Each structure stands twice: as C-alpha cells, then as structure tokens.
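A short write-up of the structure that comes next.
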Amino acid sequence: MAIDYGIIEKKWQKRWIEANLDKSERDDSKKKFMIIFAYPGVTGYLHVGHLRGYSYVDAIGRYKRMTGYNVLFPVGTHATGNGGISLAKKIASGDEKTIDYLKRNGCPDDKIPELGKPMSVIEFFNGVYVNEYWKRFGFLSDWRRFTCTLYPDYARFIEWQFRKLMDAGLLIQKPYYASVCPNCGPVAVDPSETDLSKGGRAETQEYTLLKFRHGDEFLVAATLRPETVYGQVCFWVNPEVEYKKVRKGPETWIVSPQAAEKMELQMDGVEVVGSVPGREMIGWKCEAPMIHREIPVLPATFCNPDVGTGLVTSVPSDAPDDWISLEAVKKDKGMAAEYGLSQELLDSVVPISIIEMKGYGEFPAKDVIDRMGIKQPGDPKLVEAKKQVYKDGYHMGRMKDVCGKFAGMRVEEAKDRMRQEMIDSGEAEVFYDLTEEVVCRCGARVHIKRLDDQWFINYADEELTRKTSDHCRTMDINPPEYRENVHAVLNWYRERACARQGNWLGTRFPFDDKWIIEAISDSTLYPVYYLISLYANDGRLRPEQMTEGFFDYAILGKGDARKVSESTGVPEDLLERIRKDVQYWYPLDINLGGKEHMTVHFPGFLMNHVAILPEGMWPRGITVNWYVTGKNSDKISKSKGGAQPIPGAAAKFGVDAMRLYYAHIASMFVDVEWSEDAVMMYRQRVDRIAALVQDLIDSEKDSEETPMDAWLVSRFNTHIREIREAMDSYDLRQMCTIVYFDMLNDMKWYSRRGGCRKETIIEALRIWIQAMMPVTPHTAEELWEHAGFEGLVSAGQLPEADSAKISAGAEYGENLIRDIMSDIGEVRKIAKIEPSRIILYTSPKWKRDVMSRAVEMLDKGELSVPALTKACMSDEAIKKNGKAASELAKKVAVDFARSSADSKRPLFETDEFALLSGAKDFLADETGLPVEIMDADAEGIYDPQNKARAAVPGRPAIFLE
RNA sequence: GCCGGAGUUGCCAAGCCUGGUCAAAGGCGAUGGACUCAAGAUCCAUUCUCGUAGGAGUUCGCCGGUUCGAAUCCGGCCUCCGGCACCA
C-alpha cells in the first residue's frame with residue numbers, strides 16, 4: 001500500500017505536538033544537548049537550498065534524543081537592517097516585480113495589502129519560515145522559544161550585551177569611511193544589492209591624493225599607485241571639464257566638481273570657492289610632490305571627472321593610459337597649436353623608467369600596449385591593460401635606481417613607505433572612492449563618508465583573540481579544515497563597525513541612541529537568549545523588567561536574586577528558574593551554519609561568548625555546511641526567486657524524501673547542485689523501503705530458526721554500532737548509507753536466502769525503523785505504527801548494539817556464499833562451456849590447520865615465514881602434503897601478517913561443508929544448475945580435473961561440467 | 001596578492017587524516033536477463049582493458065620523491081572554485 005506523504009506528514013506532526021515532543025524542559029536527571037542553526041535573515045522567501053543545513057540540525061537533534069539526551073533545538077529569525085524596510089516600501093508602492101514574487105511564492109492576494117509596513121512584512125515572513133518551512137519539514141523545535149531580533153525583549157538583551165562589551169573595554173570609537181546614502185544613511189554595498197538599486201559590485205578604493213603646487217594653489221590628483229611618483233613627467237587635465245576651486249584649510253585645491261562633493265563628506269572645512277575651466281589650465285607648470293620637479297599640464301580626455309579627482313598625474317612608463325595619451329598629444333599638431341604647446345615643451349616630456357619587472361622591458365606600460373595591440377586613447381582594452389600592469393607591478397616589481405632612497409625596494413613595500421612619507425610631509429592625503437556608480441534603493445547617489453565617532457567592537461583585542469583561539473582547540477569544529485583555519489580567521493578579524501546611523505531596523509545603541517546596532521553585531525550571543533525568550537514569549541517576563549541586573553543574574557549569576565526581584569518585579573522563583581535553565585542548557589553544543597559564516601558570523605559568535613560569558617559557557621561545537629546550488633554553481637538565488645517554492649517542493653517529493661536527499665546526496669562539506677531527478681530518486685528509495693517493510697509486516701509466512709536469522713540479527717547489530725560511530729562525528733551521510741542502503745540490502749538478502757522467521761523480522765524491523773527516525777521521521781512513525789509497535793518512534797530510544805548477537809562467523813559465512821556465486825559467474829563467463837552441473841570442493845583439514853597455527857602465532861606476535869613453516873613441518877598431518885604444505889605456509893604467513901587475527905579466524909573456524917551444504921539449494925536456484933558439495937578430505941571423491949587441490953579455506957574449488 | 005578548498009573509473013560522489021584487505025563504496029546512467037499482453041515499477045547480473053577456469057594488465061589532474069608497497073605521505077607544477085568584511 002503506497003504511502004500518502006502529505007497525509008502522514010500532517011498526522012505525525014500533530015501527534016508529536018500532542019505528545020509534547022516539541023517542548024524542551026530542563027531535566028537535571030538527563031544529559032542535555034543544545035543545538036541551533038544560525039538563524040536566517042528575513043529577506044523574503046527562502047529556497048530549497050536553505051533547508052539543507054536546517055534539516056541536518058533536526059536530524060542531529062532527533063538522533064541525540066534517541067540516544068539519551070534531553071535536546072533543545074530553538075529557532076528564531078534575524079531581521080535587523082533595512083531589508084524589511086525596502087521590501088515593505090516596494091509592496092506599499094505596488095512594485096510589480098515584488099508583488100509578482102510574493103504571489104509566485106504562494107502569498108495569498110488578500111494578505112499583500114497588509115504588508116506595507118516593515119514590521120508586518122517581518123511578522124509575515126516569520127510565519128512563513130516557522131510554518132511553511134520548519135514545521136512543514138517536521139522539525140522538533142521548541143516553538144515556544146521563537147525569537148526575532150526586532151522584538152522588544154530581544155532588544156533588551158542586546159542592550160545588555162553591549163553594556164557587557166563596554167565593561168570589558170571592547171567598545172571603541174574611531175574614524176571610519178563608510179558608504180553612505182544622503183537620505184538613508186550608511187548602506188551595504190555588496191552584490192546582493194539589498195540596500196541598493198545599482199552598483200553592488202563596486203569596491204571601495206583607497207586613493208592617495210597628490211598635491212601639485214601651481215602658484216599658491218594646488219592641482220590635486222588621485223592615484224592608486226603612489227610608488228610611481230618618480231616617473232611623473234606631466235599632468236593631465238580634461239579640457240572639457242569646469243574644475244572647482246576648493247578651500248581646504250589654509251590651502252586652495254583644484255579638483256573636479258564631483259570630487260569636491262565627495263571631499264566634503266570626507267574632510268573637514270572643505271568649501272567650494274570658485275572654478276577654473278580645464279582648458280585654461282593646459283600649459284601650466286606645476287610642482288610634482290616627492291620629486292619636486294616642475295611638470296607641464298597637458299590635455300587628456302580620458303580624465304573622468306567622476307573618478308578620483310578628475311585630475312591625473314602622468315607616469316607613462318607604468319600607466320598604459322598615460323603612455324598612449326602622451327603619444328597622441330605629441331602627434332597631434334592641431335591640438336598643440338590649439339593650446340599653444342610648443343614643440344620644445346612636448347619634446348621635453350620623456351618617460352622615465354622607474355620599476356623593474358620580470359617579463360617587462362624598460363617601460364611596462366608600453367609593453368602591455370604593444371602586446372594587446374592598443375592603438376589610441378579610449379580603447380576599451382586599456383582597462384584590462386591597466387589591471388595587468390598594476391597587478392604585475394605590485395607583486396613582481398622592484399624600484400629602480402632613479403627612485404632615490406627607495407631604490408631596490410619591492411613595490412609592495414615602497415608603496416606604503418612612499419605614501420606615508422608624502423602624507424607626513426603634507427604633500428599627500430588619503431581619499432576613498434567607490435569604483436563605480438552606486439545608487440541607493442531610494443534613488444540617491446551613494447558616496448564614501450568619513451564618520452569620526454564610529455563605534456567599533458574591538459575584535460582585534462589581543463587577549464580576546466588569544467583566549468578565543470585557545471578555546472577553539474577544545475571545540476568540536478567541523479569540517480576539520482575549518483577547525484584548523486579558524487585560528488587564522490580570528491587573527492584576521494579586526495575591529496568591526498557595530499552601529500550605524502540612518503534608516504535601519506534594530507536595537508538602539510545603549511550609550512548613544514542616534515546609533516542603531518548593526519546586523520552582524522546583534523547576532524553573536526543570541527543562542528543564550530533562547531533560554532529566556534521562553535518566559536518573555538509567554539508573558540511571565542516583560543521587556544521593561546529585563547534590566548541589566550536581571551540579565552546579570554540570569555546569565556552570569558551575578559548579584560542577589562532577592563534584590564533583582566525587588567527592583568524588577570520578576571518573582572524570585574522565576575528568576576531562579578531562569579538562572580537554572582541557563583546553567584543547565586548552556587553551553588551551546590552545536591551552532592550549525594552555512595559556509596558564508598566562516599569569516600563573519602562564527603568569529604563574532606565565538607569572541608562574544610568568550611568576552612562576556614564565563615569559560616564554562618563557551619560554545620562546544622561548530623558545524624559548517626556547504627550549499628545546494630543552482631546550475632552554474634551559483635547559490636540558488638532567493639532574490640531572483642527562480643527556484644521552486646519550498647512548500648511546493650515538499651508537496652511534490654514528500655518531506656522525508658527531501659530530508660534524505662539533503663542528508664545523503666553528498667558530504668556536508670561540498671556544494672551540491674540541486675536536481676529534481678536526484679530528489680525523485682530518494683523519493684523512490686523511501687517508497688521502496690516503506691513497501692518492503694509493509695510487505696514484511698503483512699506477510700503470513702513464518703519458519704523455524706535457520707542460520708540466516710543469526711546472520712540478520714548480527715548484521716543489524718553491527719549496523720547499530722556503525723550508526724553510532726558515524727553519528728559521533730555527526731556523519732549523517734554515512735548513517736544514511738547504512739540505514740537506507742546497507743540495511744535494505746541485508747533485508748533483501750535475508751529474504752532471498754529464504755529467511756522469513758517472524759520473530760527475527762520483527763526484531764530487525766524494530767531496529768531498522770528506529771534508525772530511520774532522525775532523517776525520515778514521518779515514514780518511520782507510519783511504519784512503526786503499522787508494525788504495531790508501542791508509542792512514538794520519535795520518543796523512543798535507539799537500542800545499543802548487542803555484541804552478544806554480533807557473530808563474525810555468521811557474517812563471514814554469507815560473504816563466502818556471495819563470493820562463491822560471483823566466482824561461479826566468472827568461471828562460467830570465461831569457460832565458454834555450457835555446464836550441466838556445479839561441484840564445489842571444500843578445503844582439506846590440514847590447510848585449516850596451517851591457518852589455525854598462523855593465527856596462534858600472530859596472536860603471540862611470532863608469525864613469520866620460517867617460523868610457520870617450521871611449525872607446520874613438525875605436524876605429521878600437514879607435513880605429509882609435502883611441497884604444497886610449505887608453499888601454503890609461506891603464503892599464509894605473508895598474508896596473515898598484514899591483518900588482524902580476528903579477521904582471519906573465521907577462515908578455519910567455519911565448517912565450510914556444512915555451510916555450503918545448507919546453501920546448496922539456494923545456489924542451485926540462483927545458478928539454475930544442480931550443485932554438489934564435496935568434502936576434499938573424503939575418500940574417492942569425483943574429481944576428474946583434479947580441481948579439489950585448489951581449494952583453500954575461504955576459497956572452495958569450483959568445477960563446472 | 002592574501003587565506004582556504006577541490007581535481008577519483010560515463011556522470012554524481014565516498015575513500016585520503018590513521019599507506020597494504022582499492023579496479024577503488026553507493027547512487028545515477030547504460031547493457032543483458034526475470035516479471036508483464038505491454039509500459040512503468042520491482043528484482044537479478046554486467047558496466048577500465050585483455051583473458052585459453054575464479055587470472056593478468058593499466059588506472060585515482062601532471063612530474064618527481066619516500067616506502068617492500070601510495071588514490072592515500074612529501075616536494076614541485078597545471079587547472080578550477082570560494083572568502084577577503086560591515087553583507088546574513
């Protein structure tokens with residue numbers, strides 16, 4: 001009878017709730033296990049890829065439940081930032097794409113008008129995540145503890161956390177250059193373009209502003225290569241641009257209008273005081289910084305007023321644009337005449353070779369231009385040429401002798417030194433700009449702005465880093481590559497801007513409420529808050545009661561319960577109860593998150609725990625999972641919404657099939673390409689197993705005990721042991737291979753060999769169905785019930801492997817049968833005869849004796865070729881076989897020496913004649929030929945081709961005739 | 001560039017830490033067979049090459065080394081992928 005997964009999913013999820021399996025309560029008599037996945041950001045619908053990590057967590061939690069642990073698996077969502085705002089805005093304005101996206105993902109039409117406010121969108125998606133994803137997938141999470149970063153009680157927790165960071169001296173203020181929208185405040189510039197309508201690929205570049213004196217004013221050029229100042233020979237101005245004169249302190253600078261605007265954001269006291277047409281500046285002479293030489297100002301159209309300052313210092317030796325433009329200017333007689341540039345002046349401008357690079361000649365810029373076939377200014381290939389020569393110059397270049405005291409220095413080093421020297425002498429300044437046009441969601445242009453009083457969490461703190469790093473060595477971090485690398489990540493982790501101004505959702509910074517705590521910083525210590533959210537959610541705790549004193553007591557055990565109770569109004573027994581919960585459940589055993597968390601969330605998570613909590617509460621484990629990708633190995637994009645909605649996939653494949661797909665398709669630590677065919681395959685496998693189990697349960701057949709029963713029971717007990725071993729390292733994939741492949745094959749083999757004893761089958765099914773519970777819980781429950789077993793599998797305990805029931809001999813015997821079948825097949829294929837019967841000769845006793853002696857010696861550590869030979873020759877029964885005996889002894893000695901005694905013992909302990917005789921009918925059925933078993937020791941056996949002597953224990957001789 | 005990861009037999013993917021039992025699990029696909037009126041599903045077998053009886057040979061990105069022995073350890077090279085921050 002086929003299972004209707006849609007029905008059984010609902011049925012069992014309801015039963016679990018009725019049995020209170022979702023509620024986790026402290027139980028001091030039981031070991032605890034607390035596991036979470038890094039909660040998702042609320043940015044819209046999730047896709048099938050996200051369920052991968054989530055379902056690992058549920059499976060691990062379920063496994064821990066059935067092996068004696070009291071498990072807590074709470075969930076929440078992260079909504080800090082401006083995702084909710086921009087989504088609500090789009091919905092409110094009726095943005096067609098957004099509305100379509102909602103509908104496509106199953107949002108009811110009448111719901112849409114309600115989603116025009118940020119909090120209502122967030123609440124809507126909280127509901128989607130919990131009901132359509134997590135509950136739909138059968139998670140046994142403690143739903144009562146659900147929390148969201150925008151809840152008022154959560155905010156109290158974050159305020160407390162920041163107070164503790166301040167107490168620890170980890171909050172610092174310093175200047176910061178942030179991407180800022182004039183309306184919305186700081187925005188995130190990243191490829192997901194959550195905050196942007198354009199320019200997510202832009203990068204922030206650090207320019208060095210170089211000041212060129214002209215009279216009492218300065219032409220200001222922006223460069224990325226301050227180390228090339230020794231090669232400056234002229235200065236480029238775009239004649240078409242009307243430049244601005246800007247007062248900057250006591251000085252007057254000339255820059256493009258766009259640059260003037262940007263500078264106002266980054267520097268103090270910048271003010272536009274006039275303008276000067278670029279055309280007018282052509283022919284000026286200005287004094288270059290560092291080298292203090294006068295160089296001429298020449299016209300160049302490639303100077304983009306939107307990039308840098310719109311003015312460029314020219315280093316033709318190493319800048320392709322400069323080289324090609326200089327050549328063009330020199331050739332263009334008309335232009336020279338137009339700007340009154342004398343031939344003499346132009347002739348005086350000669351490139352200076354300043355950097356030595358492997359693979360390049362005197363003038364790298366020229367080389368690259370020739371190589372790429374660039375003929376004139378404006379060629380789009382110049383972009384690539386520039387990149388190439390910059391990159392090679394930076395990594396391979398060395399300063400030549402003309403570069404004064406920097407001569408001989410590697411470019412990597414010279415760059416920083418020269419820049420610093422010019423800054424110190426007042427000839428240069430630092431300036432930040434974006435590499436391309438960035439436009440905020442609101443439509444305004446985004447620029448880099450300096451903030452003087454930006455708050456940072458000082459993750460660069462040496463002691464904190466060291467303590468965290470040390471602690472990581474005691475943690476269970478998977479995969480092992482990350483366990484190794486996490487130390488490097490912690491070292492690299494620097495001060496992090498932790499608050500922002502502008503239009504953001506989040507908790508206000510407790511020391512200055514013009515700041516909002518940003519998204520990464522309010523999501524580091526939260527697992528401990530799940531122990532408190534329970535009481536906030538059911539109304540026993542009100543946000544205003546959650547004072548610093550409350551958290552100090554509840555989380556840190558600091559202070560006096562009675563006083564805290566008096567000052568907050570929280571009943572003392574409740575306070576004690578929360579305190580005990582915290583002590584019981586914490587530390588967190590596993591935090592599981594996608595690989596994107598390795599360099600961002602996990603370091604913050606670790607360091608905040610170490611910084612704020614006592615050592616006994618520091619996390620015990622981190623597991624990183626890789627992605628399910630779309631084609632082209634992208635993440636399946638949630639913003640593009642192309643992927644199938646999760647509830648649709650669940651309905652199509654069944655939740656259990658999807659859970660099995662996630663658990664088994666590949667190791668947790670590799671990316672997997674989403675494939676419906678693959679999921680379908682797992683669906684079929686679940687179907688097949690369910691059908692087989694139901695047939696077994698329903699079967700009327702029964703029989704007396706045979707050796708096959710011991711075999712099956714042995715196999716299943718071996719599997720329990722293997723499952724436990726695999727799950728000790730959370731290897732779900734290995735576990736699934738055993739449960740859904742190996743155990744299925746064993747069950748089939750048992751039937752194929754004629755096994756049908758009811759008692760054995762029931763014993764095996766009891767084990768098997770329980771083993772299915774962590775990954776395919778609904779199917780497991782359905783089969784459990786069908787079998788008439790008591791209670792819920794999800795509430796039960798996986799039996800321990802019973803070593804008394806594990807029989808190496810029984811398992812060996814069946815392997816031998818399989819080997820023989822395979823060998824018969826092979827001989828049959830090659831022999832090219834049409835046999836009419838099969839004769840199997842078992843091995844003579846003396847050969848078993850040789851092996852027996854070998855194992856004896858192996859146990860004592862005395863096994864060697866001469867020793868074994870000698871021992872055998874002292875045994876008359878063996879010795880009389882002459883050369884065959886010594887040859888066998890040699891072979892056995894060499895072979896056995898490499899393996900364990902236990903693995904060889906069944907070779908001579910098995911009664912092959914009895915085993916094969918028992919399997920005679922089976923072999924005859926399988927091969928379609930009559931089978932005879934002959935004992936090699938018996939007198940006068942039929943052996944026309946003298947095959948019997950080839951028989952060795954574990955390898956009966958085969959004769960086809 | 002820095003940090004990290006990967007390259008396995010038609011495809012996906014185990015194995016590599018702890019060298020031998022590895023021609024290398026499992027799945028998919030393919031081929032043959034059973035079942036069926038038929039299709040699908042299911043079951044069985046085969047799926048690197050050769051083969052005169054269960055055997056032999058050549059393989060695990062490339063080159064070299066260590067070792068009695070290497071997919072596994074070491075060195076070098078080639079190719080591909082991810083992260084490099086305020087983005088969860």
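Proteins get letters first, then strands, A, B, ... in listed order; numbering begins at 1 in each. Only this structure's heavy atoms are used, side chains among them; waters, hydrogens and symmetry mates stay out. This structure is a prediction, so every number in the text was calculated from the model and none was measured.
Each of A:Thr149, A:Thr147, A:Asp522 was evaluated against A:His78; a single residue qualifies, A:Asp522, per the side chain to side chain donor-acceptor pair (under 3.5 Å) test.
With C1' as the reference atom, B:G75 and B:C84 are 29 Å apart, rounded to whole Å. B:G57 and B:G51: their P atoms are spaced 16 Å apart (whole Å). When the C1' atom is used for both B:C50 and B:A23, the distance is 14 Å, rounded to whole Å. Distance noted for atom C1' between B:C63 and B:C12: 29 Å (whole Å). Taking atom P on both B:C11 and B:G61, the two are 13 Å apart, rounded to the nearest angstrom. Only the C1' atoms considered, B:U67 is 37 Å distant from B:U52, to the nearest whole Å. For the C1' atom pair drawn from B:C87 and B:A13, the interatomic distance equals 32 Å after rounding to whole Å. Separation of the P atoms belonging to B:G15 and B:U72 is 15 Å when rounded to the nearest angstrom.
With hydrogens and angles ignored, no donor-acceptor pair closer than 3.5 Å exists between the side chain of A:Arg688 and the base of B:A41.
A:Glu518 comes within contact range of the sugar-phosphate backbone alone, with a heavy-atom separation under 4.0 Å but no base atom that close. At the heavy-atom level, A:Tyr482 lies nowhere under 4.0 Å from the strands shown. Counting non-hydrogen atoms under 4.0 angstrom, A:Ile824 reaches nothing in the nucleic acid.
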Per-nucleotide protein contact string for nucleotides 2-14 of chain B, where B marks a base within reach and S marks sugar-phosphate only (heavy atoms under 4.0 Å, - for neither): -SSS-------SS

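When both distances must be under 3.5 Å, the Watson-Crick or G-U wobble mate of B:U46 is B:A30. Summarising the base pairing, B:G40 is matched to no nucleotide, lacking a Watson-Crick or G-U wobble pair whose two defining distances lie under 3.5 Å. In this entry B:C68 has B:G20 as its Watson-Crick or G-U wobble partner, both defining distances falling under 3.5 Å. Using the Watson-Crick or G-U wobble rule with both distances under 3.5 Å, B:G1 pairs with B:C84.
Between B:G54, B:A45, B:A88, one nucleotide has an atom nearer to the side chain of A:Arg752 than all others, and that is B:A45. Taking only side-chain atoms of A:Lys829, from C-beta outward, the nucleotide of B:G51, B:A85, B:G54 with the closest atom is B:G51. Comparing B:G26, B:C86, B:A88 by their nearest atom to the side chain of A:Tyr176 picks out B:C86.
Between the CE atom of A:Met680 and the C1' atom of B:G29 there is a distance of 18 Å, given to the nearest Å. Atom P of nucleotide B:A88 and atom NZ of A:Lys595 are separated by 19 Å, given to the nearest angstrom. Put simply, CZ on A:Phe605 is 20 Å from C1' on B:C86, counting in whole angstrom units.
Using the six-membered ring where Trp is involved, A:His601 and A:Tyr526 have ring planes that are tilted, between 30° and 60° apart. Between A:Tyr39 and A:Tyr154, the ring-plane angle classifies as tilted under the 30° and 60° cut-offs. Ring geometry for A:Phe922 versus A:Trp749: interplanar angle over 60°, hence perpendicular rather than tilted (30 to 60°).
Stacking between A:Trp492 and B:A85 is present: the aromatic ring centre lies within less than 5.5 angstrom of the base six-membered ring centre, and the two planes differ by under 30 degrees.
Using a cut-off of 4.0 Å between Lys/Arg side-chain N and Asp/Glu carboxylate O, A:Arg949 and A:Asp943 are scored as not salt-bridged.
For residues 742-751 of chain A, proximity to RNA chain B is found at A:Lys748, defined as any non-hydrogen atom under 4.0 angstrom from a strand atom.
The aromatic ring centroids of A:Trp134 and A:Phe37 lie less than 6.0 Å from each other.
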